[in-house]
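We use all heavy atoms of the structure for the numbers below, so side chains are in, but hydrogens, waters and symmetry mates are not. We number each residue from 1, following the sequence as shown.
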Amino acid sequence: MKKIILSIFLATVAITQLSAQKYFTKDGSIKFFSATKAENIEANNNKATFVLDAATGQVEISVLITGFVFKQALMQEHFNENYMESEKFPKATFKGKIEDLSSVKLTADGSYKIKVTGDMTMHGVTKQITVDATLNVRGGKISVDSKFGVNPKDYNIAIPDMVRDNIASNIEITLKGDLQELKK
């Protein structure tokens with residue numbers, strides 16, 4: 001009987017420890033880059049929130065649209081008012097899950113190529129996407145890097161004919177974040 005109670009206790013502790021392993025940052029970096037013959041457009045946001053649940057592989061990312069900073073203030077104004085309508089759609093989110101989580105050892109130093117599938121919501125439109133990413137584990141800390149493309153048309157972002165040649169049909173998105181264990 002004592003062995004059964006001890007086994008149940010140890011299993012409960014192990015499950016609690018796994019479910020408690022969440023990693024996060026409030027200083028994630030999201031950059032977008034549009035390259036055309038007419039001009040290059042780049043903006044950065046260094047206040048994205050990333051959350052990773054190590055037990056389930058669930059990933060959540062959230063970013064305020066008004067947090068993107070451009071080199072030119074006028075571009076930033078047009079981005080927020082005309083294209084992204086950030087008053088109406090203040091943030092973009094991604095909620096997904098790491099595929100084949102069993103191949104990732106978050107407790108062992110290493111670099112892991114992963115695929116993450118989930119729903120990205122931007123400008124009021126939700127689309128399922130799959131992106132490649134790299135998780136780097138060093139000394140109990142996790143960093144994430146990803147680069148993928150987004151078509152503004154897929155998210156009902158209207159680009160006026162007058163500037164259509166200045167904005168790429170596929171915008172390059174780069175995500176980077178150093179995650180720390182969430183301590184209760």
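S102 and D100 share a donor-acceptor pair across their side chains, judged by distance under 3.5 Å alone. For E99 and T117, the side-chain atoms include at least one donor-acceptor pair closer than 3.5 Å. Side-chain contact, T134 with K113: a donor N or O sits under 3.5 Å from an acceptor N or O.
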Donor-acceptor pairs under 3.5 angstrom involving side-chain atoms of residues 140-158: please list them, not counting sequence neighbours.
from: S146; atom 1: OG; to: D132; atom 2: O; distance (Å): 2.7
from: N151; atom 1: OD1; to: K153; atom 2: N; distance (Å): 2.9

Do any side-chain atoms of residues 54-79 form donor-acceptor pairs under 3.5 angstrom with protein atoms, and if so which ones, sequence neighbours left out?
from: T56; atom 1: OG1; to: Q58; atom 2: N; distance (Å): 3.2
from: Q58; atom 1: NE2; to: G96; atom 2: O; distance (Å): 3.4
from: Q76; atom 1: OE1; to: F70; atom 2: N; distance (Å): 3.0
from: Q76; atom 1: NE2; to: F68; atom 2: O; distance (Å): 3.4

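Counting only distance, with no hydrogens or angles, the side chain of T36 and the backbone of E39 share a donor-acceptor pair below 3.5 Å. Put simply, the side chain of H123 gets close to the backbone of Y83: a donor and an acceptor are under 3.5 Å apart. Between the K183 side chain and the Q180 main chain, no donor and acceptor come within less than 3.5 Å of each other.
To the nearest 0.5 Å, the span separating CE on M120 from CD on Q128 amounts to 12.0 Å.
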Open item on the list: Is there a side-chain contact (heavy atoms from CB on, under 4.5 Å) between T49 and T25? Walk through the geometry before answering.
Closed with: CA-CA 6 Å; T49 300; T25 184; over 6 Å; no
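For V163 against I159, the heavy-atom pair with the smallest separation is CG2-CG2, 4.1 Å. Among all heavy-atom pairs drawn from R138 and G110, the shortest one is NH1-N, 3.1 Å.
Of the options N46, L175, D178, a side-chain contact (heavy atoms from CB on, under 4.5 Å) to S29 is made by N46 and by none of the others.
With contacts defined as side-chain heavy-atom distances shorter than 4.5 Å, the pair Y112/V104 qualifies. Looking only at side-chain heavy atoms (C-beta outward), L106 and L52 come within less than 4.5 Å of each other.
Partners of F33 under the ring pair (Phe, Tyr, Trp, His ring centres under 6.0 Å) rule, at least two apart in sequence or in another chain, do not exist in this structure.
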